[in-house]
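Since this is a predicted model, take the numbers as computed values, not measurements.
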Amino acid sequence: PVGSHVTFTVTSADVIHGFDIVGTRINMMAIPGQISRNSYTFREPGEHLLICHEYCGAAHHTMFAKVIVE
C-alpha cells in the first residue's frame, strides 16, 4: 500500500545479479553467499519495473518483475 515502508532482502543462488527498481533509489547487487537489504517508502501508487542490471547469463534479458503500489 501507498506509504508502506518496505525492506527488500536479496541474495542469489547462482551468479551475481543486479536488483534495480526503476524510479526509486533501490539499486543493489545480489551476490551468492551474501545478503543485501535496502528499504524504501513508496509515496504514490503505480507500477515500478524491477530489472536485473548486471549481465548474468543467457537469460539475462528475461529477468524482470513489477512492484505494484496501490
Mind checking whether Phe42 and His48 have parallel, tilted or perpendicular rings, split at 30° and 60°? tilted
Quick check: is Val22 connected to Phe8 through a chain of hydrophobic side chains (ILVMFWY, heavy atoms under 4.5 Å apart)? no
Looking at NE2 of His60 and SG of Cys52, how far apart are the two atoms once the value is rounded to the nearest 0.5 Å? 5.0 Å
For His5 and Ser39, work out which heavy atoms get closest and say how close. NE2-CB, 3.3 Å
Heavy-atom pair with the smallest gap, counting every atom of Cys56 and Ile16: CB-O, 3.6 Å
Between Ala30 and Ser12 the two heavy atoms that sit nearest each other are O-CB, 3.7 Å
By the side chain to side chain donor-acceptor pair (under 3.5 Å) test, which pairs, at least two apart or in different chains, include something from residues 18-35? Arg25-Asn38, Asn27-His53
With rounding to the nearest 0.5 angstrom, report the CZ to CE distance, Phe19 to Met63. 10.5 Å
Find out whether Val2 and Glu44 are in side-chain contact, i.e. whether some heavy atom of one side chain is under 4.5 Å from a heavy atom of the other. no
Just verifying a value: how many Å separate Leu49 CG and Phe64 CZ, rounded to the nearest 0.5 Å? 8.0 Å
Quick one: CD1 on Ile31 to OG on Ser36, what's the gap to the nearest 0.5 Å? 6.0 Å
Got a donor-acceptor contact below 3.5 angstrom from the Thr9 side chain to the Arg37 backbone? no
Is there a chain of hydrophobic side chains (I, L, V, M, F, W, Y, each step under 4.5 Å between heavy atoms) that links Ile51 to Val67? no
Got Tyr40 and Ile26 here, is their nearest side-chain heavy-atom distance under 4.5 Å? yes
Tell me, which pairs form a salt bridge (charged side-chain N to carboxylate O under 4.0 Å, His left out) where one or both residues lie in residues 61-70, sequence neighbours left out? Glu47-Lys66
When every non-hydrogen atom of Thr11 is compared with those of Gly33, the smallest separation belongs to OG1-N, 4.3 Å
Can you list the residues that meet the side chain to side chain donor-acceptor pair (under 3.5 Å) rule with His17, with sequence neighbours excluded? Asp14
